[in-house]
Chemist: 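First, the structure itself, so that you have it in front of you.
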Amino acid sequence: DFQLTQSPSSLSASVGDRVAITCRASHSISSYLNWYQQQPGKAPKLLIYAASRLQSGVPSRFSGNGAGTDFTLTISSLQPEDFATYYCQQSYSVPFTFGPGTKVDVK
Amino acid sequence: QVLLVQSGAEVKKPGASVKVSCKVSGYTLFDFSMHWVRQGPGKGLEWMGSFGPEDGETINEKEFQGRLTLTADTSTDTVYMQLSRLRSEDTAVYYCGSPRSDGSLEFWGQGTTVIVSS
């Protein structure tokens, strides 16, 4: 199986901060890397697919980059509604594993 | 507007089975696959498997070893997830998710809580 690690596991930030979350795969997954945001008690929401493509309706302050084994999700200016948990997922090979998540909370 | 509506919460005893449904509206199920993801209390997301018209059933065998069955009824645009031989560790919220062609999950159901308790 393809394992994913995320760092940091949690971070504290303020509104307006630039935030970066990294995701590392155990083997190359090309660009088959997706990012989701999950609010407490809600279903996950797709933010970025194929490493860098912004899902329709997602604000442009979210961006993704990377290929192979190393990927990054960046929030350029954190907004109040962005405090949530973020997961990466690889869709290169079944099982389509998720990273363990990064919780972004208020500093 | 794509909408996935899942069945209601379930409480089951250890050793029993549970069947969760996910009804699709806004597109024809026949042409699309469906994935299932679960999340234990306070835990992360776990990919369970997928069901599609071409590939049929694809299961995360390492985690579910013959306990998981995914089916679809195209006449009602409904997909089903059945998990058997339940144990307490199966207590979780179960989600269906509709994938894009690259496997990313674009639309999600609202989640179904399954509690396994004696």
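Residue numbers start from 1 in every chain, and the chains themselves are labelled A, B, ... in the order their sequence lines are given, proteins ahead of strands. Since the structure is predicted, the reported quantities are computational estimates derived from the model, not experimental observations.
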Chemist: Can you say whether A:Tyr36 sits under 4.5 Å from chain B via the side chain, the backbone, both, or neither, judging by heavy atoms?
Modeler: side chain

Chemist: Above 12 or not: heavy atoms from other molecules or residues under 6.0 Å from OH of A:Tyr32?
Modeler: no

Chemist: Do any of residues 8-18 of chain B have a heavy atom less than 4.5 Å from a heavy atom of chain A, and if so, which, in residue order?
Modeler: none

Chemist: Under 4.5 Å, heavy atom to heavy atom, which residues of residues 95-107 of chain A contact chain B?
Modeler: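 The residues closer than 4.5 Å to chain B, in numerical order, are A:Pro95, A:Phe96, A:Phe98.
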
Chemist: Report which part of B:Gln39 has an atom under 4.5 Å of a heavy atom belonging to chain A: side chain, backbone, both, or neither.
Modeler: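 Side chain of B:Gln39 only, per the 4.5 Å heavy-atom cut-off to chain A.
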
Chemist: Which bit of A:Pro44 comes within less than 4.5 Å of chain B, counting heavy atoms only: side chain, backbone, both or neither?
Modeler: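 Both parts, heavy atoms under 4.5 Å.
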
Chemist: Against chain A, work out which of B:Val93, B:Thr58, B:Asn60, B:Leu45 has the most heavy-atom pairs shorter than 4.5 Å and name it.
Modeler: B:Leu45

Chemist: With a 4.5 Å heavy-atom cut-off (strictly below), which parts of residues 103-118 of chain B touch chain A? List them by number.
Modeler: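 If one takes a 4.5 Å heavy-atom cut-off, the residues of residues 103-118 of chain B near chain A are B:Gly103, B:Ser104, B:Leu105, B:Glu106, B:Trp108, B:Gly109.
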
Chemist: I'd like to know if the side chain of A:Gln6 and the backbone of A:Tyr86 have a donor-acceptor N/O pair within less than 3.5 Å.
Modeler: yes

Chemist: Any side-chain donor paired with an acceptor under 3.5 Å for A:Thr74 and A:Thr72?
Modeler: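 Distance-only check fails for A:Thr74 and A:Thr72.
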
Chemist: Rounded to the nearest 0.5 Å, how far does CD of B:Gln82 lie from CG of B:Leu68?
Modeler: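 It is 9.0 Å, given to the nearest 0.5 Å.
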
Chemist: Can you get from A:Val58 to A:Ile75 by hopping between Ile, Leu, Val, Met, Phe, Trp and Tyr side chains that sit under 4.5 Å apart?
Modeler: yes

Chemist: Taking NZ, NE, NH1 and NH2 as the nitrogens, is one of them in B:Asp102 or A:Arg53 under 4.0 Å from a carboxylate oxygen of the other?
Modeler: no

Chemist: Using non-hydrogen atoms only, which part of B:Lys62 is less than 4.5 Å away from chain A: side chain, backbone, both, or neither?
Modeler: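 It is the side chain, since no backbone atom gets that close.
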
Chemist: Taking the cut-offs as 6.0 angstrom to the six-membered ring centre and 45 degrees off its axis, would you call B:Arg100 and A:Tyr49 a cation-pi pair?
Modeler: yes

Chemist: Answer yes or no: is there an ion pair linking B:Arg85 with B:Asp90, defined by an N-O contact shorter than 4.0 Å?
Modeler: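 Salt bridge flag = no for B:Asp90 with B:Arg85.
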
Chemist: Against chain B, label A:Gln38 side chain, backbone, both or neither, depending on which of its atoms sit under 4.5 Å from a heavy atom there.
Modeler: side chain

Chemist: Could you list the donor-acceptor pairs under 3.5 angstrom formed by side chains in residues 17-25 of chain A, with sequence neighbours left out?
Modeler:
| residue | atom | partner | partner atom | Å |
| --- | --- | --- | --- | --- |
| A:Asp17 | OD2 | A:Ser14 | N | 2.8 |
| A:Thr22 | OG1 | A:Ser7 | O | 3.2 |
| A:Thr22 | OG1 | A:Ser7 | OG | 2.6 |
| A:Arg24 | NE | A:Asp70 | OD1 | 2.5 |
| A:Arg24 | NH2 | A:Asp70 | OD1 | 3.1 |

